[in-house]
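Worth knowing before you read on, the calculation uses all heavy atoms, side chains too, and leaves out hydrogens, waters and symmetry mates. Letters A, B, ... mirror the listed sequences (proteins, then strands); counts begin at 1.
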2 protein chains.
Amino acid sequence: MTQDSTADWQARPRVSLRLVAQAAGVSIATASRVLNDGPDKASAETVLRVREAAERLGYRPGGAAQALRRRESRIVAVLAAALINPVMATIVASIGHALRAEGLVMALCDTHEDAAIQDDFLTEMQAQNARAFVLVGAVDSPGLTRLRAAGAPLIFVNRPDPGPAPGGAYVGIDNAAAGEALARHVLALGTQRAILLHGSLERTAGTERARGIRAAFAAVPDAELIAVEAPGLDQLTGGLQAMAQVLSLRDPPRAVLCLSDALAYGAWRGAREAGRQEGFDLYGFDNLLFNDWVAPWLSSVAVDPAAFGPAVLAQLPAPRAGSRCFLPHRLHLRPG
Amino acid sequence: MTQDSTADWQARPRVSLRLVAQAAGVSIATASRVLNDGPDKASAETVLRVREAAERLGYRPGGAAQALRRRESRIVAVLAAALINPVMATIVASIGHALRAEGLVMALCDTHEDAAIQDDFLTEMQAQNARAFVLVGAVDSPGLTRLRAAGAPLIFVNRPDPGPAPGGAYVGIDNAAAGEALARHVLALGTQRAILLHGSLERTAGTERARGIRAAFAAVPDAELIAVEAPGLDQLTGGLQAMAQVLSLRDPPRAVLCLSDALAYGAWRGAREAGRQEGFDLYGFDNLLFNDWVAPWLSSVAVDPAAFGPAVLAQLPAPRAGSRCFLPHRLHLRPG
DNA sequence: CTCCATTAGGTAAACGATTACCCAACCGCA
DNA sequence: TGCGGTTGGGTAATCGTTTACCTAATGGAG
C-alpha cells in the first residue's frame, strides 16, 4: 500500500557513490578512497576515471550517510543570544561565511538569552552529530554544563563562557582592555566625572568592560564614576530609563559611558525627548553599522565583524578550553 | 592502527534505539513503531514500557540515520540575501523560532545577493536532504531554476520569486499595495510633488513597491513623481549619493519616498551633512527597530517581523507554486 | 470445530557512505 | 625457483532508523 516514503520531488535515483563507482568501473570502496583519501591510494588511471565519473554525474556525497558513518556531520551549531542585535547578526553572518568556505553548514538558533531554548538546541544538535558548538553570547545552562564536562568542542564568541570555569575557546575582543582604553580616552579629554551606564552585569562581556572602565578611573585621582543600571532585558528601553535617572541628577556629568550601543541609543532618546541631547557626550561599544548614518553623535568601540569568522574557524579543529583569541578593537570617535 | 574515527568527546555508546528496545524488552522495530507511529501499533503495556525506557535513558533519535532512511532530514535551508539588514535578520530569527517549535532545524546562509553563493548552498542543502528551502530575498540563479523545475518545496519570503514564473509560495507583504497606501497617505497630506528614491529595480520587492507608488500618483492629476536611482549595491551609500542629486535640484520636493529604510538612512545623512535635514519629509519601508530610537524623523511601512515565522510554517507542508500569503502592514508615522 | 480476520511484534532489508581486512599481482633478491 | 614486501583494489561489516513482510496468537462467525 504505502510505499517507502520519499520526498517525492527528489531526483530518483540519487547520484550515489555506487553509481559513480559503476560508471568508473571500480568498487564503491575504491571510489570512496579516491574521493576522500586523495590520489595516493590508487593508480593514477583509476583516480582519473573515478574523478571524471563523479564530475560527470554531478556526484555530491550524501550528508546524512556521511554523518551516520563517521560520527560527525558537516553541521556546526551556532547559537546567538539575540539576532535582533545587529552586531550579533553580523558576527553570525561572518561565521556562516567562513564555515561555508570549509564546506561546513551553519545551523542557527536565536536563544533570546533563554537557557531552556539554548539547551533544547544544544541537545538537538548533539543528536545531529554537530561538529562543534559556537555560542555567540551564551547563557549558563545545564546543557552547556553537560557539554563542557563531556569535553565537547565549544567556542564562545563575543562573550566569554558564563560558567565558573571556562570550558572552551573564546573569540572576541578583550573586553576589559577595551573598557580601559575607552575610559582612558575619556579621561585624557580632561573629564573628571562620568556616568557608567550598564545593563545587567550577569553578562560576562559587560562585567569585564565595566571592570576595565573602573580600573582606568580608579587610576586617576579625583576622577569620579557614577554607575547607573539600566533595568530589564531590553537594552534600548533600559537605556532610556537609565537616562531618566541621569537627567534627574543635580549636576549630571557630560560623559556617559554605555556598555553597548543599544544602551546608548536608548540613553540618547531619553536625552533628546528631554531636549537635552546637546548636554551629553555618549560612548558605546560595538559601533553598529548604522552609527555613521543615523547616530553620528556616538563614539564607540569598534571591532571588524568580518574578523570573527576566520578566528572562529581557526579554533574549530580543536578548541582548547581556556584558549583565547583576542580580536583587535579600536575607538571609533564621532566626527567633530 | 587507526581505529574507526569518532568524535572522541561523544558519549560512547550512544543511546540508540537498540538500547531502548533492549531495556524495554522488545525488538527495535517495535520500539521505533511506538515512538513514531503513536500508541495504536502496540499493546498499551508495551507502549508504556518503551516510552519509559526511552525517557529514562534520555533517548534522542539520531538525526543522521533518520535523514538517511526517510530521505528527508529535519533541516530546513534558509537563505538570506543580507543579514546585515536588520529586518532580514529579524525575519530569519522569527523563522528559526517557528521551525524549532516544530522540531526542525534552520540551516542558514547569507548569500550577499550572490547567485553563486546561493547555488552553492542550495546544492549542499539538497545533498543534506533538506526538507524545504526558504529564501528571504532570492536572486535568480541556475540552481534555483533547477530546484523550481524539480518541484522542490520553495518558499519565498519578503521578495517574490525573481524567476519568470513563480515556482513556490510567497510570504510577505503585498508590496504593490503597501506602496500605493504609502503614496496615498503622502498625497492626502496635500503633497503634489515627491521624490521616488529607489535602488536597483531588479529586486522584485522594490519593483512592486515602485509600481504601487506610481499608480497612486498617476491617479491624482497634476501630482508629480521624480524618480531618483541610488547606484550600487549598498543601500546606505546609494541613498547618500541619490540625495546629492535631489539636493542639486532647483526646487526639490519635500517628500522623499525611499523604497527601504536603509536608503532613507543614507538620504538623511546626505541632507544632514548639507545642513538641510529640516527641508525634507522622509518615508521608507521596513520600519527598522531602531527607527523610534535614533531615526524619529522617518515614517515607514511596518510589518510585524514575528509574523513571518508562523506564516512560513503554514506553507511548509506543501508550498504550492504561486500561492501567496500576504502579511498585514501598516504605516508607522513619525511622531509629530 | 474450522476458518478467516485481526492484532502484536519479530526479522531482515534497505538508506549511502566509510573502512578493516583480505587477496592477488608484481617487484626484487638470493 | 622461492620468498617477503609493496601496491591496488575488492568484500563485507558497520553506523542508527524505518518499514515491508512474515508469523503466531487470539477472537468471532459459521
With side-chain contact (heavy atoms from CB on, under 4.5 Å) as the test, pick out the partner of A:S141 among A:D119, A:I117, A:D114. A:D119

For B:S27, which residues count as a side-chain hydrogen bond (donor to acceptor under 3.5 Å, both in side chains) partner, sequence neighbours excluded? B:T30

Using OP1 and OP2 only, check whether a side-chain N or O of B:S43 sits under 4.0 Å from C:dT7. no

Could you state the atom-to-atom distance from CG of A:D40 to C1' of D:dT6 in whole Å? 15 Å

Tested for side-chain contact (heavy atoms from CB on, under 4.5 Å) against B:L154, the lone hit among B:L144, B:D161, B:V134 is B:L144

Looking at B:I84, I'd like to know if its CD1 atom is crowded, meaning that more than 12 non-hydrogen atoms belonging to other residues, nucleotides or ligands lie closer than 6.0 Å. no

Quick one, which residues of residues 18-32 of chain A touch DNA chain C with a heavy atom under 4.0 Å? A:I28, A:A29, A:S32

In whole Å, I'd like the distance from the CD atom of B:E72 to the P atom of C:dA14. 22 Å

Worked verdict on A:L99 versus A:L313 for side-chain contact (heavy atoms from CB on, under 4.5 Å): CA-CA 7 Å; A:L99 290 178; A:L313 208 57; 3.9 Å; yes

For the residue pair B:L104 and B:L316, establish whether any side-chain heavy-atom pair is separated by less than 4.5 Å. yes

Distance check needed: C:dT18 P versus A:N129 CG, whole Å only. 14 Å

Rounded to the nearest Å, what distance is computed from the CD atom of residue A:Q10 to the P atom of nucleotide C:dC15? 14 Å

Length of the line joining B:R74:CZ and D:dT17:P, which is rounded to integer Å: 10 Å

Could you tell me whether A:R100 and B:E124 have a side-chain N and a carboxylate O separated by less than 4.0 Å? no

Below 4.0 Å: OP1/OP2 of C:dA17 and any side-chain N or O of A:N36: no

Taking NZ from B:K41 and P from C:dG10, how many angstroms apart are they, rounded to a whole number? 15 Å

Note, A:V312 side chain near A:C325 side chain (heavy atom, < 4.5 Å): no

Under a 4.0 Å heavy-atom cut-off, which of residues 44-68 of chain B touch DNA chain D? B:Y59, B:R60, B:P61, B:G62, B:A65, B:Q66

Lys/Arg-Asp/Glu bridge criterion (N-O < 4.0 Å) met for B:R51, B:E55: no

So which nucleotide from C:dG10, C:dA17, D:dG9 ends up closest to the side chain of B:R33? C:dG10

Under 3.5 Å, is there any donor-acceptor pair linking the side chain of B:R69 to the base of D:dT17? no

Report the distance from atom CZ of A:R70 to atom P of C:dG16, rounded to the nearest whole Å. 17 Å

In whole angstrom, give the distance that lies between atom CZ of A:R71 and atom P of C:dA17. 18 Å

